[in-house]
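Beneath this line is the structure, given in structure tokens, with notes to follow.
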Amino acid sequence: MADYLPHTDDDVQSMLAFLGIESLDDLFAHIPQAIRLANGLDLADGMSEPDVAAIFAGYTSANKAKATAMTCFAGGGAYDHEVPAVVKMLSNRSEFVTAYTPYQPEVAQGVLQAIFEYQTLVARLSGLAIPNASLYDAATALVEALNMASGATGRQKMVVSSGVHPHWRAVARTFARGTGHQIVEVPLRDGVTDWASIDVTDAAAVVAAYPNYLGVLEDLSEAKGLATACDALFVVGADPVAAGVLKTAGQWGADVFVGEGQAFGTPLSFGGPYLGLFACTQAQVRRLPGRIVGETVDSSDRRAFVTTLRAREQDIRREKATSNVCTNQTLMAVTAAIQLGWLGTFGLREVATRCAQGAHYLFDELLALDGVEALSTQPFFREFAVRLAKPADQVIAAMAESNVLAGLSVGALCAGADPSVDGNVDDVLLVTVTERRTKDEIDHYVNVLREALTR
Amino acid sequence: MADYLPHTDDDVQSMLAFLGIESLDDLFAHIPQAIRLANGLDLADGMSEPDVAAIFAGYTSANKAKATAMTCFAGGGAYDHEVPAVVKMLSNRSEFVTAYTPYQPEVAQGVLQAIFEYQTLVARLSGLAIPNASLYDAATALVEALNMASGATGRQKMVVSSGVHPHWRAVARTFARGTGHQIVEVPLRDGVTDWASIDVTDAAAVVAAYPNYLGVLEDLSEAKGLATACDALFVVGADPVAAGVLKTAGQWGADVFVGEGQAFGTPLSFGGPYLGLFACTQAQVRRLPGRIVGETVDSSDRRAFVTTLRAREQDIRREKATSNVCTNQTLMAVTAAIQLGWLGTFGLREVATRCAQGAHYLFDELLALDGVEALSTQPFFREFAVRLAKPADQVIAAMAESNVLAGLSVGALCAGADPSVDGNVDDVLLVTVTERRTKDEIDHYVNVLREALTR
Amino acid sequence: MNSVPQPGGRAASAPLMGHETEPTLFEMSVANRSAYQLRTTGVPASALSELVPAAHLNTEIVPVAEVSERDLVAHFTRLSHRQFSVDLGMYPLGSCTMKYNPKFCDAIASDPGLNAVHPGAPASLSQGWLEILVTLEEKLCAVTGMSAATLQPAAGAAGELTGLLLMRAYHESNGDDRRRVLIPDSAHGTNPASVTLGGYEVTTVPSNDRGLVDLEALKGALGSDVAGIMLTNPNTVGLFEEEITGIAKAVHDVGGLLYYDGANLNAILGAVRPGDMGFDIVHMNLHKTFATPHGGGGPGAGPVAVAAHLVDFLPGPKATRVGDGYFNWVAPSRSIGRVHGWHGNALVLARALAYIDVHGGDGLTRVAQHAVLNANWLRHRLRAILPAAYDRVCMHECTLTATPLKNKYGVRGLDVAKALLEEGFHSPTVYFPLIVEEALMFEPTETESVQTLESLAQALERIAQRAKDDPDSLRRAPQSTPVSRVDEARAARQLIATADSARSS
Amino acid sequence: MNSVPQPGGRAASAPLMGHETEPTLFEMSVANRSAYQLRTTGVPASALSELVPAAHLNTEIVPVAEVSERDLVAHFTRLSHRQFSVDLGMYPLGSCTMKYNPKFCDAIASDPGLNAVHPGAPASLSQGWLEILVTLEEKLCAVTGMSAATLQPAAGAAGELTGLLLMRAYHESNGDDRRRVLIPDSAHGTNPASVTLGGYEVTTVPSNDRGLVDLEALKGALGSDVAGIMLTNPNTVGLFEEEITGIAKAVHDVGGLLYYDGANLNAILGAVRPGDMGFDIVHMNLHKTFATPHGGGGPGAGPVAVAAHLVDFLPGPKATRVGDGYFNWVAPSRSIGRVHGWHGNALVLARALAYIDVHGGDGLTRVAQHAVLNANWLRHRLRAILPAAYDRVCMHECTLTATPLKNKYGVRGLDVAKALLEEGFHSPTVYFPLIVEEALMFEPTETESVQTLESLAQALERIAQRAKDDPDSLRRAPQSTPVSRVDEARAARQLIATADSARSS
Ligand SMILES: Cc1ncc(COP(=O)(O)O)c(C=O)c1O
Ligand SMILES: Cc1ncc(COP(=O)(O)O)c(C=O)c1O
């Protein structure tokens, strides 16, 4: 039966004849025998698509947490938002899916214009003038922001609020091994960054999260003030859905905005592919990481789009490039443009508002339960953390039996103690509500949690 | 929230202003008040897509028989064949899905060429030179064949084997009320048409099924002989999958071929939309029902395709048209061309062979059971009928509890006694095996049936 | 194969890259190439010759095609780039209601919970489907003001014929044998064709100078041998038959029935119902009014709804509500029988129900209002270059005429239609209805924005200007399309219906 | 709005109909138009101002876009008609492995059983996913001959940097501080860029006249301060580094590690493994070798596999088989930490596993054989017009040069590339690798038929002929594409990165 190779035996024979050789193996003859694979790959033989589908059916049924089977109250940077059939259909158009990076603009206007529209939306939601064409995810976008900051300031010290998602901080720490950046994490008190506890002098960047990963809305004026005072870049990691109603990073005075764009049309996808949002001020444009699309004209003066400021990029600048990124997450960027086009100005506001309404409704219900305390007294937006009378992972497991994914264990997120939480992190549950959650689902959640705690 | 109407209130106001009228209602003012709807439609208000989806989730879960939940051994003109992702993706391209009938060939070459390729495949599988561009389904295709026959012979008598699917015969009887055709149904003996029992003189058409609906492969020479003898058209309703390996209708001497094309890429779909296959000899081309696409050239002499022989059609010929069909099943025809392109010459043969292998394996296993008898001693292809010791509907219900859709009750298909079966039809079960059924599934079937019979 | 093989297909055949023709699947075929993959079954692989007598086996191998999956994908993707569609742009084909087709309805129809259900499964195992059919029937009756409906007819024409058979059964049940059915001269071709298949003769009723049925002429044509009349209202010119109640009375007075061709139902949703106009039988084109995509020519669905006195004759078996929350198949007492192999185009029916639920009564009413608003806006906007055949308020479509352009510059309606293709719009319906000369019938539908209507108007203004400046260029149009004007005469003269047909030139 | 509104979009912007530009989403927007529909939740709709302190609320409304669903669909469908893709035709971009992407893998990735799983769900509730990750890791190790792998890197470049950090961690663990990483002058730009981010300095090693690393020069560049070398093998010219074992020994002798850039892995599947060549660290581009569609520039996945001595340093937590049939997250003992926000581009990883399972060991071996066969056939077929930079057997891609055309007719490689677009093919990679002048690097991949290769060859012959007859026409090419040659300089001179950017001209 077929795989995806077109050549028939006759094709192969006549092609070999054309080359004047005997066998396919002759094409590999110049590879030293000593290292050639004697007995082929140690893998099973090929199977037909339906046979492979049967194997995958086993995997999917073992994924008990799928949002189609469990009501999702987990967030922490990955959100269960509505994605309509129209957005799926358009973003699956094979012209978008099976194209390469638009290196030949004459036949890539579809992707280029879609990215240009995406860039416009990122600029508007971030309140910053210069977006890029996407990065891998929010965590790696933060790393690029730190690299930009050290490029701009010539300094290595990165002052990072521990309100920034624990995984993002972890990724920043990992890449600091290469860049030599010194990552200083600022603790939270009552869910708010205790900037005063840290000396920011010589900082290249001051990094805040908005809302922070525990859901809390921090007033960013203090952080901005510190950044300005020490000539550091002010980097804000913001929830782009919140940007539909809350102040933008730009309005808070950010020099760089990073964020996770998964919320815009990309399914939960077990964490990837997601979408790293990035934008900065005009002042930093020459340090922009990755690709950017610009408007221009063709030889008949028709509007056209093209990837531009290429001189920053690795293929031209090589070791002096602003970043090593090449393949990015274009398809997710195109999807975000489509999803935002579907939501529109007021749809995005409506989604943001409903998230906040649902989260606050659930929060109030939960505080009425014994064994549940708010982790912070501060305002929050669409998610919040509570301290439970039992370990969060036990509660999550118990509630899963009633098909509720209760949220995320902050202990698991932080892999142990973390400056963002005073005291034991393992009892802390991070709970999220999106516009898809109904009142019945929320009320059910409350009952199921009550049981789980009293068991 | 939005439905699919673009106009804003401002749009409506300015458009009314442009027309110099006050309100939308003014546009309907010329409709007599007496008949205007006073209080609007007696329907609930609109709901959002996700709310409607929730309602449909209720419907789908109530469909216990879905092939995703029950192993399907039902056939009788609707088959559970493999449809790969690639065929679904291509046939869902919105250019094919959202186009109208190709009345403007300059911008419809995509659909026109796909139909041309479909026509070529229908001609090859039927062994007849003149295909059309599709009809509603096999049953209505048979009616068109009878109309063609009376047009060709000027006669009204239609001699139809009761081996023809009971529903097709029922549809033929219904439309005969208008055309005045006299439908004479020929009984089966031991599963084979007893032509001798009927006087065929003055017949306009002699109609046989291949295989017949009980799965039996009849030798069509006798029927062909009778048709020739009385100058009737010989109409053969054949299984197009079988045509991958068995003699074609053309090889049996058919003047007209009709068949059900669902097997080529269209899901079970609860019976529709399906695909009415139709082809005839060159001699009948002027009586061809429905559309046909022909090859020609454009004004720069490039190959082009266009709907042709339009003078036969209702929009031009009106009451003298060869048929009243206008909208047909083009999308299913395009899908069939894609599915057949995927199967290819040897894939179609492989599917046909596997169907036969599975059906014969199951047949042999079943005959070993007490309470199961073959209805016929004759050869069969991919489905067969057995007489059970219990009513078929009871057995189907019992086996459904083990997630097996056992087949079709011939009693239900025929809505009571039928010339195709001697004696009680309610004990007769029609069983089908496709290439998708595994040995394990078949063995499971045998065990479940044994239980059902001994309960 | 020789070492310099035949060239294969490439994207030059897609308008994106140029205007080459795409090879056929058969021209792309290479012996022994294949794409199919089947599951491993473990079923004993006995030779076919052991299972089936030799007399039945085809000694020849029927050639299908032999292409790789990659070439299959490239071929049909390129063909799709040679095809205009609603999703690409405005498709103002009069009488066809080419509105936007919600992708949500596609998603509903592609749910295995609906499309993987065998039509022969017992009612107890397909309750969801039966409820869908019953619910849709109820809602279609509410929309049309009728008592019950059959969902079996696969398209409008099938609905017409079904309706005529119901008419016949009704008269026969009254021992009353009638011969003629009246049809206005503006009627769609399927109407007379269906009348013939229904066993009746057509009597054509002329339209008056207002584009409406001439009531006097109608009365003249009536008689006790008249089984009924088929009307489209609004009619095919896009005008409402204002004298409909008078027409209904006259026909009913001679014992005839009124048949409503629902192709134009989009115009009157929530405003007026065929039942209230006096119609006895109504067919609907779900693929028009209820937004099922046309699929390049089909599938559709043509349910037929009837008044109380015809309910017992409906085709069957019918999905029926039998006691609380349970549904079963029931045949009407005097049913004319089946008109479809199974239950009709079920997935199209499910789509229509989803469409109705999303819109609701309020939304459907707005659908009609905006469809009518758009048609009138366009009629008024274009009056200077393409006058309306009947210049007054129209319904959901407007019939304009190119006669002025023809008389002044010798540019025909067809030329305007072809030039419009170059402008990025599908053309309107041309030369229909037959009673209007050089007819260009535009049906914008409610889903097009006023901005798009304005684009269309400006395109037509450019074309009118070209008619003046360079009429020849219009007669040569279109040029920028995948192929230029097609030689239809040649196609008919020498039929090449398959890749295997003999080619003379 | 005035009664003559702004015109809206239409299909004239799709090549199907012509070459107008498509308006932007923002140009199509109209105040208060919308498309979104949300479910009814019943949650109390308290005012936002009651939930969030005023200090946080944006007093301005951020404009997104205001279009109807119908216009949204038309806009992006038309844009898709202005975009070339693998599904439309051959895409022989050297180094990018633009093979056919099986739709089956798309279907796997769009199964809610995979794509609706939250990445933070406990292992006990996502066992299917963990098993997929563990199984893929095992199979990628079998393909590369390594001991273990991380699946976190989101693309090749991320894999490179991860690999360099592993190199650094390894040396540091030996208390051994090294400064330089060697890179051949033919290397891809991501290699040097990654080296810098890894905290190392780049030392460039020249290639010899056979297009291979100059072993003597390499030895000269080696020293105890060398952390390692990054190699692509076959290299970016498409040639196999025949002296790889010598290179490996030399680098290892000074205590350096060998990094394998797996972008060209497609060439050697089943023939030879990086591990057996002596590499310590290997990244793979799943979006190349394992057929994930490139999505117009991404997403990809760049897993990194390592030899035994580096396993403990791998990023984590890693999906790990812990006792029979159960899987959990485990951090390697000396892990460098996370390199991705979650677990990597999971859906891309699932696709790759499905692709590997369908092909199996036998199929993957054939993949490489046919990829190499196609590249050599093309190289040989084109030798008369576009000579190979190094004329001998190549691997999966062939680097040709347009220098003869440039010298004879002043036609540059870029002109040939642009002209090829008019012919319905995507162009090859131009001006890379940098060591070949007027480089045209063709990678046909194994999924293109010899018929398609022949079409490409004939197109290039036509272009070579045009170079002779009408070189200017090539410098003006392409013309039949959605836009003609684009003014890149202007885009860079005056940056317009958003619809809100000030436009000077
Ligand atoms: C007025 C009118 N009546 C009847 C029909 C026939 O409907 P269908 O094409 O669904 O058979 C049409 C559709 O073309 C029509 O426009
Ligand atoms: C040789 C080589 N190395 C590395 C890369 C970088 O891979 P990615 O684009 O996935 O980051 C590429 C891809 O362009 C490449 O061709």
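Every heavy atom of this structure was used, including side-chain atoms; hydrogens, water molecules and symmetry mates were not. Chain letters run A, B, ... following the sequence lines, proteins first, then strands; residues in each count from 1.
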**Contact check, side chains of D:L197 and A:F175, non-hydrogen atoms, under 4.5 Å** =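 Not touching, per the 4.5 Å side-chain cut-off.
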**Prompt:** Angle class for the A:W342/D:Y36 ring planes (parallel below 30°, perpendicular above 60°, tilted otherwise)?
**Reply:**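 Ring orientation, 0 to 90° scale: perpendicular.
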**Message:** Tell me whether the rings of A:F96 and D:F76 are parallel (<30°), tilted (30 to 60°) or perpendicular (>60°).
**Reply:**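 Correct class here is perpendicular.
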**Message:** Using side-chain contact (heavy atoms from CB on, under 4.5 Å), reason through D:H340 and A:D137 one step at a time and then give a plain yes or no.
**Reply:** CA-CA 8 Å; D:H340 185 272; A:D137 66 357; 3.4 Å; yes
Donor-acceptor contact below 3.5 Å, side chain [X] vs main chain [Y]:
| X | Y | value |
| --- | --- | --- |
| A:R124 | D:V64 | yes |
| A:R303 | D:E22 | yes |
| D:S126 | A:N63 | no |

Atom pair [atom1]/[atom2] of [X] and [Y] - distance to nearest 0.5 Å:
| X | Y | atom1 | atom2 | result |
| --- | --- | --- | --- | --- |
| A:R173 | D:I336 | CZ | CD1 | 13.0 Å |
| D:L161 | A:S323 | CG | OG | 9.0 Å |
| D:D362 | A:L43 | CG | CG | 9.5 Å |
| D:D500 | A:Q119 | CG | CD | 12.0 Å |
| A:C326 | D:H188 | SG | NE2 | 4.5 Å |
| A:S94 | D:L88 | OG | CG | 6.5 Å |

**Single hit among A:Q314, A:R318, A:E319 for side chain to side chain contact (heavy atoms under 4.5 Å, CB included) with D:T196** =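 The passing option is A:E319.
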**Message:** Test side-chain hydrogen bond (donor to acceptor under 3.5 Å, both in side chains) on A:E117 and D:H75; report intermediate values, then the result.
**Reply:** CA-CA 12 Å; A:E117 294 174 358; D:H75 176 65; 2.8 Å; yes
**Message:** What verdict does the side-chain hydrogen bond (donor to acceptor under 3.5 Å, both in side chains) test give for D:S484 and A:D298, after you've listed the backbone C-alpha separation in whole Å, the side-chain angles of each residue and the deciding distance to 0.1 Å?
**Reply:** CA-CA 5 Å; D:S484 57; A:D298 75 355; 3.1 Å; yes
Do you know which of [options] has the most heavy-atom pairs under 4.5 Å to chain A?
| options | value |
| --- | --- |
| D:E242, D:R168, D:H81 | D:E242 |
| D:R338, D:E448, D:Q369 | D:R338 |
| D:S124, D:G113, D:G295 | D:G295 |
| D:R476, D:M277, D:R273 | D:R273 |

**Item:** Basic-acidic side-chain contact under 4.0 Å: D:K418, A:E106
**Value:**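 Salt bridge flag = yes for A:E106 with D:K418.
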**Message:** Between D:R366 and A:D3, does any side-chain N to carboxylate O distance fall below 4.0 Å?
**Reply:**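 Answer for the salt bridge query: yes.
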**Evaluation steps, side-chain hydrogen bond (donor to acceptor under 3.5 Å, both in side chains), between D:S194 and A:N324** = CA-CA 6 Å; D:S194 298; A:N324 68 333; 3.0 Å; yes
**Prompt:** Of all heavy-atom pairs between A:S269 and D:L347, which one has the smallest distance, and what is that distance?
**Reply:**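 Smallest heavy-atom distance, with atoms named: OG-CD1, 3.4 Å.
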**Asked** If you tally heavy-atom pairs under 4.5 Å against chain D, which of A:T438, A:D315, A:T308, A:L246 wins?
**Response**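 Heavy-atom pairs under 4.5 Å are most numerous for A:L246.
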**Message:** Please tell me whether A:Y4 and D:H359 form a close aromatic pair, meaning their ring centres lie under 6.0 Å apart.
**Reply:**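 Yes.
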**Message:** For D:H380 and A:F18, I'd like to know if the aromatic rings sit close, meaning centre-to-centre distance below 6.0 Å.
**Reply:**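 D:H380 vs A:F18: aromatic centres under 6.0 Å.
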**Message:** Could you check whether D:R33 makes a cation-pi contact with A:F346, meaning its NZ or CZ is under 6.0 Å from the centre of the six-membered ring and within 45° of the ring axis?
**Reply:**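 The answer is no; the distance or angle limit is not met.
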